[in-house]
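The next block holds one structure in the form of structure tokens; read it before the comments.
All heavy atoms count here, side chains included; hydrogens, waters and symmetry mates do not.
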Amino acid sequence: QVQLVESGGGLVQEGGSLRLSCAASGRTFSTSAMGWFRQAPGKERMFVATINWSGDTTNYADVLKGRFTMSRDNAKNMVYLQMRNLKLEDTAVYYCGASSRFWSTSIGDYEYWGQGTQVTVSS
């Protein structure tokens, strides 16, 4: 069983930056990729970013490229999402997921999820 806990969310002004963290514990050896997804009020959960466990492959939602950066620290069993130039539409609950796939943008490929952390962008 893999347990994931997100942190780092909060209130930030439009144009600001925020770094989210995801701490993994348990059978992390079974996970080949990590992902970030977000869900805004009244909307479906959508893909944000993914990284393979080796750290040599990343993928981002097209609309977010250039603003968000995903990284990992395997020694700490941590993954991060650095968010820059935040926009009002980035307001959402952000979820960390773990997948057995090399990497994936699909919700159905993720076997484990954290509880989510709220990011609110204000003007």
Side-chain angles (χ1 to χ4, degrees):
Q1 181 69 34
V2 175
Q3 300 176 51
L4 305 172
V5 180
E6 303 96 336
S7 62
L11 178 65
V12 62
Q13 285 191 329
E14 190 176 20
S17 299
L18 202 63
R19 189 181 77 161
L20 306 183
S21 299
C22 176
S25 62
R27 298 180 62 188
T28 57
F29 61 85
S30 66
T31 300
S32 297
M34 301 292 291
W36 286 99
F37 292 75
R38 71 185 188 186
Q39 187 168 17
K43 296 184 178 180
E44 297 293 319
R45 189 173 300 187
M46 62 166 285
F47 168 73
V48 172
T50 186
I51 187 169
N52 72 312
W53 204 236
S54 298
D56 57 358
T57 302
T58 55
N59 191 56
Y60 302 91
D62 288 341
V63 69
L64 303 176
K65 287 184 177 179
R67 296 196 298 118
F68 287 16
T69 303
M70 188 174 182
S71 61
R72 66 169 180 84
D73 186 341
N74 284 344
K76 298 180 179 179
N77 286 334
M78 297 285 290
V79 294
Y80 306 96
L81 184 68
Q82 180 67 55
M83 305 183 291
R84 295 173 290 273
N85 191 24
L86 284 161
K87 304 179 183 299
L88 294 178
E89 53 265 38
D90 294 321
T91 295
V93 177
Y94 284 72
Y95 296 92
C96 176
S99 175
S100 62
R101 307 296 296 270
F102 179 77
W103 63 264
S104 178
T105 64
S106 299
I107 293 175
D109 289 334
Y110 287 80
E111 296 99 340
Y112 305 97
W113 295 94
Q115 83 289 347
T117 185
Q118 176 71 48
V119 173
T120 302
V121 183
S122 67
S123 60

- prompt: If you measure from CG on Leu11 to OG on Ser122, what distance do you get to the nearest 0.5 Å?
  reply: 4.5 Å
Check: Leu4 and Val79 side chains under 4.5 Å, non-hydrogen atoms: no
task: State yes or no: do Val63 and Phe68 share one hydrophobic cluster built from I, L, V, M, F, W and Y residues joined by side-chain heavy-atom distances below 4.5 Å, directly or via other members?
output: yes
message: Are more than 12 heavy atoms, taken from residues, nucleotides or ligands other than Glu89, located less than 6.0 Å from that residue's CD atom?
response: yes
query: With the 4.5 Å side-chain cut-off for hydrophobic clustering, are Val5 and Trp36 part of the same group?
result: no
field: Among Tyr60, Tyr110, Trp103, side-chain hydrogen bond (donor to acceptor under 3.5 Å, both in side chains) partner for Thr50
entry: Tyr110
query: Between Glu6 and Thr117, is there a donor-acceptor pair closer than 3.5 Å when you use the side chain of the first and the backbone of the second?
result: no
task: Grab the two heavy atoms, one from Ala40 and one from Thr91, that are nearest each other, plus how far apart they are.
output: CB-O, 3.6 Å
- prompt: In terms of hydrophobic clusters joined by side-chain contacts under 4.5 Å, are Val93 and Ile107 together?
  reply: yes
- request: Identify the heavy atoms of Ser106 and Ser104 that sit nearest to each other, and give their distance.
  value: N-OG, 3.0 Å
message: Test of understanding: clusters of I, L, V, M, F, W, Y form through side-chain heavy atoms closer than 4.5 Å, transitively. Do Tyr112 and Tyr94 belong to the same one?
response: yes
message: Can a donor-acceptor pair be found, under 3.5 Å and without considering hydrogens, that links the side chain of Asn85 to the backbone of Arg67?
response: no
task: Using a 4.5 Å cut-off on heavy atoms from C-beta on, say whether the side chain of Gln118 contacts that of Thr120.
output: yes
message: For the CE atom of Met70 and the SG atom of Cys96, what is their distance to the nearest 0.5 Å?
response: 6.5 Å
task: Indicate the ring-plane relationship of Phe47 and Phe37, choosing parallel, tilted or perpendicular according to the 30° and 60° boundaries.
output: perpendicular
query: Are Leu20 and Met83 side-chain neighbours, meaning at least one heavy-atom pair lies under 4.5 Å?
result: yes
- prompt: Is it true that a side-chain atom of Ser54 and a backbone atom of Asp56 form a donor plus acceptor pair closer than 3.5 Å?
  reply: no
query: Once you round to the nearest 0.5 Å, how far does CE of Met34 lie from CG of Asn74?
result: 9.5 Å
field: More than 12 heavy atoms of other groups within 6.0 Å of Arg101 CZ
entry: no
field: From CG (Asn52) to OG (Ser99), nearest 0.5 Å
entry: 11.0 Å
- request: Kindly determine whether Glu111 and Ser100 satisfy side-chain hydrogen bond (donor to acceptor under 3.5 Å, both in side chains), including the steps that lead there.
  value: CA-CA 8 Å; Glu111 296 99 340; Ser100 62; 2.7 Å; yes
- prompt: What are the two closest heavy atoms between Gln39 and Glu44, and how far apart are they?
  reply: CG-C, 4.0 Å
task: First locate atom CZ of Arg38, then atom CG of Leu64, and finally report the distance between them rounded to the nearest 0.5 Å.
output: 5.0 Å
message: Both conditions, 6.0 Å and 45 degrees, for the charged tip of Arg19 above the ring of Tyr80: are they met here?
response: yes
- prompt: Can you find a pair of side-chain heavy atoms, one from Ser71 and one from Gln82, that are under 4.5 Å apart?
  reply: no
- line: Rounded to the nearest 0.5 Å, the OG atom of Ser123 sits from the CD atom of Glu14 at a distance of 6.5 Å
field: Heavy-atom donor-acceptor pair, Thr58 side chain to Ile51 backbone, under 3.5 Å
entry: no
